There are 2 protein chains.
Amino acid sequence: MASLTRVIENYINNLFSEMDEQAVSLRRKELAEIFGCVPSQINYVLRSRFTPERGYIVESQRGGHGYIRIFRLCYDIPEERINHIEEIVGDAVTDQEAKRLLTSLQERGMIDSRERILIEVALRHADELGSSEFDVSPYKRNAIQAELLKRMLRSLALA
Amino acid sequence: MASLTRVIENYINNLFSEMDEQAVSLRRKELAEIFGCVPSQINYVLRSRFTPERGYIVESQRGGHGYIRIFRLCYDIPEERINHIEEIVGDAVTDQEAKRLLTSLQERGMIDSRERILIEVALRHADELGSSEFDVSPYKRNAIQAELLKRMLRSLALA
DNA sequence: ACGCCATTGGTCAGCATTAGTCAATGCGAA
DNA sequence: TTCGCATTGACTAATGCTGACCAATGGCGT
């Protein structure tokens, strides 16, 4: 049996297919009425399914003329690529390994210099926070960095 | 259906495009008559759309030859961009504030959609770690997010 | 010069409307 | 049975818009 969440997720995905657009617009209340659920159910679907990690950006506005807009960055993420990322990064990466990987990705034209800088800054921030603020073990810090790195690379859906 | 505020915002933006100027002048009462609304609606548009955060300064004068002038600021020099980032991010940002900020930066062409998604993933990751792994207070999490956001945007400002 | 007053913009509180949050609860698969 | 995802709804926050009231400016009559 398909959960309501899954049904709504499919409904939204169909909107993307039908429209063949980069973005779809919704009204939370309307959608909730269509599926006979409370409005906050829609928030759950968005939070759990249309995340930046999966290549989606959600914008919304409350009040009169309110709306929810979902943007997708990529059409479909090839399973191979994700596994590939998983494989390359693994469960933990040292700063050096991360840098080497990013250099290689940049050389292959999969990320540009600005994207590389963003990733490096985020990794460094996570590491600093782990060491100075929360006293996390070096291995655990590498694991956290690996997780962050994987999420950022996945979100870009390298093609 | 577009909100009146959005319509007036577009009207003013068109003035900027047509004039190709750094500033445009308005008369509050005239504009209100054009759009069939109360004059204070114009103030609302200015307050909510032509803010310093979005790169505008508004000056006005009452009485006899009253006017409203809107200046569009440009941030050509990296240092100006960095100061601007410092101002608009501040010491703490909620998720929503961060999202709004990124939307506006993207509209202004200061970041593209891939860069935006990288930033959102990094912020989300930091917030998740703070809330589930290290049990950090909500305010502190917002401070951490602000710091991360500023670092990422600063690094782009220099790139 | 002075001061009234027409003219022009600003502020604020309130209402309607729309979305977000969070903690409690339900429920299904392992 | 237990664990984790799914669902609910009461409470909260943000946005758009209006209208009554406030403030500043400059010209004109004296």
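Chain A is the first sequence line, chain B the second, and so forth, proteins listed ahead of strands; every chain is numbered from 1. Remember, predicted model here, so these are calculated numbers, not experimental data.
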Item to complete: Taking salt bridge (charged side-chain N to carboxylate O under 4.0 Å, His left out) as the test, write out the residues that go with A:Glu107, two or more places apart.
Response: none
Discussion item. Enumerate the ring-ring contact (aromatic ring centres under 6.0 Å, His included) contacts for residues 100-120 of chain B, please, sequence neighbours excluded, ordered by first and then second residue.
Written reply: none
Nucleotide N/O to protein N/O under 3.5 Å, stretch nucleotides 8-10 of chain D:
residue	atom	partner	partner atom	Å
D:dG9	N7	A:Ser40	OG	3.1
D:dG9	O6	A:Ser40	OG	2.7

Please list every donor-acceptor pair under 3.5 Å in which a side-chain atom of residues 12-19 of chain A meets a protein atom from a residue at least two apart or in another chain.
residue	atom	partner	partner atom	Å
A:Asn13	ND2	A:Glu9	O	3.3
A:Ser17	OG	A:Asn13	O	3.0

Response to the item:
Residues at least two apart in sequence or cross-chain that pass salt bridge (charged side-chain N to carboxylate O under 4.0 Å, His left out) with A:Arg124, listed by chain then number, are A:Glu128
Worksheet item: Applying ring-ring contact (aromatic ring centres under 6.0 Å, His included), which residue pairs with at least one partner in residues 57-80 of chain B are found, sequence neighbours left out?
Response: B:Tyr75-B:His84
Worksheet item: With sequence neighbours left out, what residues match A:Glu133 under salt bridge (charged side-chain N to carboxylate O under 4.0 Å, His left out)?
Response: B:Lys140
Practice prompt. With sequence neighbours excluded, give me every ring-ring contact (aromatic ring centres under 6.0 Å, His included) pair touching residues 123-154 of chain B.
Written response: A:Phe134-B:Phe134
Practice prompt. Enumerate the residue pairs fulfilling ring-ring contact (aromatic ring centres under 6.0 Å, His included) with a member in residues 20-43 of chain B, sequence neighbours excluded, ordered by first and then second residue.
Written response: B:Tyr11-B:Phe35
Worksheet item: Do any of residues 138-146 of chain B sit with a heavy atom less than 4.0 Å from DNA chain D, and if so which?
Response: none
Worksheet item: How does protein reach along nucleotides 25-30 of chain D, written 5' to 3' as B (base within reach of a heavy atom under 4.0 Å), S (only sugar-phosphate), or - (no contact)?
Response: BSS---
Item to complete: Please identify each residue that fulfils salt bridge (charged side-chain N to carboxylate O under 4.0 Å, His left out) with B:Arg27, with sequence neighbours left out.
Response: none
